[in-house]
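Worksheet for the structure shown next.
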Amino acid sequence: MSKNIVLFGATGSIGTSVLNVFEKTNSEFCLKGITCDQNITSLIDISNRYSCDKLGVAREGLLHDGNEFLTTKNTVYGIKNFDSFINDDIDIYILAISGLSCASLALKIAETGKILAIANKECIISLGKILLNKCEKFNTSIFPLDSEHNAIYQLISNNNKSVRDITLTASGGPFLHLDLDKFESITREQAIKHPKWKMGNKISVDSSNMMNKSLEIIEAKNLFHFQPGQIDAIIHPQSIVHGILNYHDNSSYAFLSQPNMEIPISSLFFPNKDFRANEFDLDLTRVSRFDFFEIDNDRFPSFKLGKYVMQKDGIAPHLFNYTNDKLVKLFLDGAIKYTKIVYFNERIIELYFKSHQNINEPNVDDLNEASKWVDQNLKTIING
Ligand code: NDP
Ligand code: MG
């Protein structure tokens, strides 16, 4: 039966991969809504290609630009109005918007009782139990699209024995072998050029300094209800193994595939794994070697901080995630140096817990309060 889908963030890297999966199948998918932030040209193109008549543009300022095509369609402006895409006919909501701006939207989707297919890790980390409990209460299924989490999800679905712990892998990013004394002068262009994936700028910077993996261990803790001691990550530069379940008898199940996001995305539409795409053929004889090694805390201090934050839990993951969002923006705008992204985040966490108790199960107001505190204090920290 045909599935009705809303694709939030259709114009991004994940959005494009979702559309690529549609292109390669004869199955029935009906795109009922697509959104972008400001990339209207691409949104219009998608609308034409998939006969999708409901459009969303987050930048409200663009409303006044009076684009003729958009006025002939059912177009909403402003992310706060994206919940008008929610209705009973929709089967799957794909959340592929980057950053925390879609947190309220994620909570609204959680109330639908349908499928929330989520690539956006920022919401899972900051909202944590608020999102998960809401999904549970309304019987909404969360389907992880982040590749490592999708791997663990698929493994657990097939082998739900008594898992001892899990291992995520990290490619190591572009600076795995760079001299440490060159880190200070890493540029925006170097940081957004990932060796394995073509992704949005924010996640590319996160991948380059291992912040992405620090966020992902917390994402995994929230999604799969593991204790911090049951989650680790290792570097695997070939990016063929994505996630591993480890059992008490010291055996493990690993999930292998070519490093392409279309594979985890296809598992959303093809739970029986009959998605056929020859270009993703995994010929192990052509993967000349498999390397695995520990994450070096001197090279990637974000990982140590991420583990601390995961252990601390409560409001800490949101502080860490929110502050990182801000700092990555500042780096991309040329306002701070590369190495300061993690350094200032560490200072924020240190300063916050000097003057505040942790909050065990923060609610949305607590998250907003903490964000406000970061906004007020980050400037002081940056200006020394
Ligand atoms: P991109 O930057 O490529 O795309 C982001 C999408 O969200 C675009 O459609 C963009 O619109 C839209 N968008 C950006 N800001 C806003 C906003 N404030 N309000 C509404 N819409 C907005 O990001 P990615 O596709 O790389 O990543 C999306 C999410 O998926 C992130 O949370 C990332 O961490 C996660 N993810 C990505 C992976 C990847 O391989 N790319 C892998 C695993 C997870 P516009 O085009 O107009 O800017
Ligand atoms: Mg990932």
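In listed order, ligands and their atoms are each counted from 1. Please read all numbers here as calculations on a predicted model, not as lab measurements.
Looking at Thr35, its side chain never comes within 3.5 Å of a backbone N or O of Gly56 through a donor-acceptor pair. A donor-acceptor contact shorter than 3.5 Å links the side chain of Ser17 to the backbone of Ser13.
Contact residues for ligand 1 (protein heavy atom closer than 4.0 angstrom to any ligand atom): Gly9, Ala10, Thr11, Gly12, Ser13, Ile14, Cys36, Asp37, Gln38, Asn39, Ala58, Ile79, Ala96, Ile97, Ser98, Ser101, Ala119, Asn120, Lys121, Glu122, Asp146, Met199, Gly200, Ile203, Met261.
In summary, Lys182 and Asp179 engage in a salt bridge, as defined by a charged side-chain N under 4.0 Å from a carboxylate O. Using a 4.0 Å cut-off between charged side-chain N and carboxylate O, Asp146 and Lys121 make a salt bridge.
Just one of Ile152, Val241, Asp232 meets the side chain to side chain contact (heavy atoms under 4.5 Å, CB included) condition when paired with Leu168; it is Ile152.
Protein N/O/S atoms closer than 2.8 Å to the Mg ion (ligand 2), listed by chain and residue number, are Asp146 OD1, Glu148 OE1, Glu216 OE2.
Residues forming a side-chain hydrogen bond (donor to acceptor under 3.5 Å, both in side chains) with Glu148 (at least two apart in sequence, or on another chain): Lys213. Listed by chain and number, the residues in a salt bridge (charged side-chain N to carboxylate O under 4.0 Å, His left out) with Glu279 are Lys24 (sequence neighbours excluded).
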> Under the ring-ring contact (aromatic ring centres under 6.0 Å, His included) criterion, do Phe85 and Phe8 qualify, and how do the steps go?
Replying inline: CA-CA 9 Å; Phe85 286 84; Phe8 294 107; 5.7 Å; yes
> Should Phe175 and Tyr338 be marked as a ring-ring contact (aromatic ring centres under 6.0 Å, His included) after you check the CA-CA gap, both sets of side-chain angles, and the distance that decides it?
Replying inline: CA-CA 12 Å; Phe175 309 130; Tyr338 182 77; 5.5 Å; yes
